[in-house]
There are 2 protein chains.
Amino acid sequence: MPNATPLLHREAHCKDCSLACMCLPISLHADEMDALDRIVKRGRPLKRGDVLFRQGDEFSSIFALRSGAMKTYSLSDEGDEQITGFHLAGELIGMSGMDTGRYTVTAVALETTSVCEIPFDTLDELTAVLPQLRKQLMRLMSRELREDQEMMLLLSRKNADQRIATLLINLSARFRARGYSAKAFRLAMSRNEIGNYLGLAVETVSRVFTRFQQQGLLLADGKQIEILDYIQLCALAGGQND
Amino acid sequence: MPNATPLLHREAHCKDCSLACMCLPISLHADEMDALDRIVKRGRPLKRGDVLFRQGDEFSSIFALRSGAMKTYSLSDEGDEQITGFHLAGELIGMSGMDTGRYTVTAVALETTSVCEIPFDTLDELTAVLPQLRKQLMRLMSRELREDQEMMLLLSRKNADQRIATLLINLSARFRARGYSAKAFRLAMSRNEIGNYLGLAVETVSRVFTRFQQQGLLLADGKQIEILDYIQLCALAGGQND
DNA sequence: CGTGGCCTTGAACCTAGTCAAGTCTAGTGG
DNA sequence: CCACTAGACTTGACTAGGTTCAAGGCCACG
């Protein structure tokens with residue numbers, strides 16, 4: 001294969017992208033998708049630890065993840081990070097910067113990750129003529145509002161077991177939606193990051209994982225997870241058993 | 001004054017509304033504002049306890065509060081309510097329903113409240129031709145995302161004192177922005193609702209109010225609040241003093 | 001004057017945090 | 001290939017902040 005196409009050019013168009021069904025282009029016609037495609041910038045992949053944008057940077061684009069995983073976090077007044085989300089392929093990040101004109105969080109790659117950059121001003125103009133695109137952008141923001149509400153419920157109502165169960169079930173569903181196994185997957189984030197995100201100490205996260213294994217709910221070998229009792233885990237995640 | 005205009009017709013147009021500066025019409029020209037105005041429905045005021053929309057109802061409109069105060073809450077699997085926000089005049093509610101086509105929360109009036117109903121389909125069409133309206137709608141959703149993030153930070157990082165202080169400072173700022181006193185105001189919600197919202201037991205809320213009074217931070221006579229040491233309260237709210 | 005809802009206060013308990021120590025693992029360089 | 005190291009993870013003992021349970025006070029309203 002002479003002059004093989006570099007990785008970053010593969011799936012370099014929305015219409016070829018397997019994630020189009022959960023990303024911005026949903027329900028666009030071919031020509032509309034091309035219009036969107038023309039404004040998308042695709043750079044080289046980020047490596048683990050690379051920063052996509054920083055809290056306080058001027059807001060100019062939103063980003064769609066094409067592959068990999070990222071975390072977003074904000075810095076509290078004391079300077080310690082509070083993780084606000086883990087993001088997988090097909091998801092949009094950076095939207096909370098629209099209001100103030102500056103990103104409100106920092107986005108960092110948890111593993112090798114490629115992103116599509118969508119300049120916001122151009123996107124905005126495009127939404128004027130593409131009603132479906134406008135709808136989808138709204139829908140994605142609205143979904144994020146809903147997910148934040150669920151997160152608030154988790155943080156104010158659920159105990160440590162329920163929090164971890166909820167995260168695992170949530171990740172499981174997102175992996176399945178992307179064509180990966182819902183039962184066995186590899187966590188991109190550390191125990192520390194899980195604790196930070198869920199409002200728990202690392203030690204608590206570790207203890208819960210140990211307990212879940214003793215109860216036969218799952219197998220955890222470092223970051224490799226296998227869910228053994230999906231039903232039970234779901235029950236823990238959904239319900240408030242107290 | 002023969003045939004006095006009924007209350008609900010006063011300020012019945014966006015261009016006369018004192019809240020236009022923080023509501024949807026920001027930076028619209030007079031004729032654009034009229035276009036928005038034409039699609040807004042204004043009903044009779046809600047009384048305390050009245051439901052504006054219910055979780056699960058079909059999503060059709062978003063609502064702007066013209067006066068009064070509301071709470072939104074969602075029901076957990078166990079059927080107990082989790083309050084997701086307190087909303088004052090000038091604020092928009094119902095946007096989290098856009099994604100699924102059904103409201104994700106129930107909205108209830110905490111006191112006598114008038115609202116402007118904005119049918120979403122019509123609003124959406126209008127945003128195609130009014131770039132400023134589109135921007136503002138996006139900005140308001142983006143702001144809500146940011147506020148939710150702050151709430152998540154509060155729930156996962158702050159102790160009881162800091163949570164109450166944060167709520168009071170937040171309300172204070174919102175009252176000031178609406179032309180009311182930042183130092184003395186009346187809470188529209190009960191201690192129970194405060195605890196529910198902040199992820200605390202009623203008893204804890206009550207104890208913190210008592211402690212704050214002993215420390216000379218504020219005066220609380222039932223729902224009537226007077227802030228005595230604004231600086232100190234701000235410090236508590238902002239910082240993580242642990 | 002009684003009733004019910006809301007709020008406050010006290011005491012006991014419990015979950016998760018903190019501190020401290022120890023283990024495991026991946027990566028590095030001899 | 002192995003020893004070494006730094007960082008991630010686990011485990012145990014103790015602590016503290018907030019919940020729960022129980023009781024009583026306050027106030028509006030009939």
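Source: prediction; values computed, not measured. Letters A, B, ... mirror the listed sequences (proteins, then strands); counts begin at 1.
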For this session: To the nearest Å, give me how far apart CD1 (A:I164) and C1' (C:dA16) are.
Result: 12 Å
Exercise. Which pairs pass side chain to side chain donor-acceptor pair (under 3.5 Å) with one or both residues in residues 205-214 of chain B, sequence neighbours excluded?
Worked result: B:D161-B:R211
Problem set entry | Length of the line joining B:N159:CG and C:dT18:P, which is rounded to integer Å | 11 Å
Exercise. When the distance from NZ of B:K158 to C1' of D:dG17 is rounded to whole Å, what number comes out?
Worked result: 17 Å
Seminar exercise, completed: Residue set satisfying ring-ring contact (aromatic ring centres under 6.0 Å, His included) with B:Y73, at least two apart, ordered chain then number -> none
Exercise. So which pairs with a foot in residues 174-184 of chain B pass side chain to side chain donor-acceptor pair (under 3.5 Å), sequence neighbours left out?
Worked result: B:E91-B:R174, B:E91-B:R178, B:N170-B:R174
Exercise. Is there a donor in the side chain of A:S96 and an acceptor in the side chain of B:S142, or the other way round, less than 3.5 Å apart?
Worked result: no
Problem set entry | Those residues of residues 184-200 of chain B lying under 4.0 Å from DNA chain D by at least one heavy atom | B:G199, B:L200
Seminar exercise, completed: Separation of D:dG18 atom C1' from B:R211 atom CZ, nearest Å, is 10 Å
Problem set entry | Pairs satisfying side chain to side chain donor-acceptor pair (under 3.5 Å), at least one member in residues 50-59 of chain B, at least two apart | none
Seminar exercise, completed: Here the distance between atom C1' of C:dG5 and atom NZ of B:K223, to the nearest Å, is 11 Å
For this session: Estimate the overall bend of the helix from C:dC1-D:dG30 to C:dG30-D:dC1 from the end axes over five pairs each, rounded to 10 degrees.
Result: 30°
For this session: Select one nucleotide: of D:dT10, D:dT19, C:dT18, the one nearest the side-chain heavy atoms of A:A201.
Result: C:dT18
Problem set entry | Sequence-distant partners of A:T84, side-chain contact (heavy atoms from CB on, under 4.5 Å), two or more places apart | A:T72, A:S74, A:V105, B:Q149
Exercise. Which residues satisfy the side chain to side chain donor-acceptor pair (under 3.5 Å) test with B:S61, sequence neighbours excluded?
Worked result: B:E117
Could you go over nucleotides 19-28 of chain C and give all protein N or O partners under 3.5 Å, atom names and distances?
from   : atom 1 : to     : atom 2 : distance (Å)
C:dC19 : N4     : A:E203 : OE2    : 3.0

Exercise. Is A:T204 near enough to C:dG17 that one of its side-chain N or O atoms lies under 4.0 angstrom from OP1 or OP2?
Worked result: yes
For this session: Check the distance between C:dA16's C1' and A:D161's CG and give it to me in whole angstrom.
Result: 11 Å
For this session: Take atom CZ of B:F209 and atom C1' of D:dG18, then tell me their distance rounded to the nearest Å.
Result: 17 Å
Exercise. Which residue pairs satisfy the ring-ring contact (aromatic ring centres under 6.0 Å, His included) criterion with at least one member in residues 188-226 of chain B, sequence neighbours excluded?
Worked result: B:F86-B:Y197
For this session: Sort and list the pairs that fulfil ring-ring contact (aromatic ring centres under 6.0 Å, His included) and have at least one residue in residues 143-171 of chain A, not counting sequence neighbours.
Result: none
For this session: Can you sort out the partners of A:Y103 under ring-ring contact (aromatic ring centres under 6.0 Å, His included), two or more places apart, ordered by chain and number?
Result: A:F53, A:F59
Exercise. Do A:M151 and A:L198 come close enough that some side-chain heavy atom pair is under 4.5 Å?
Worked result: yes
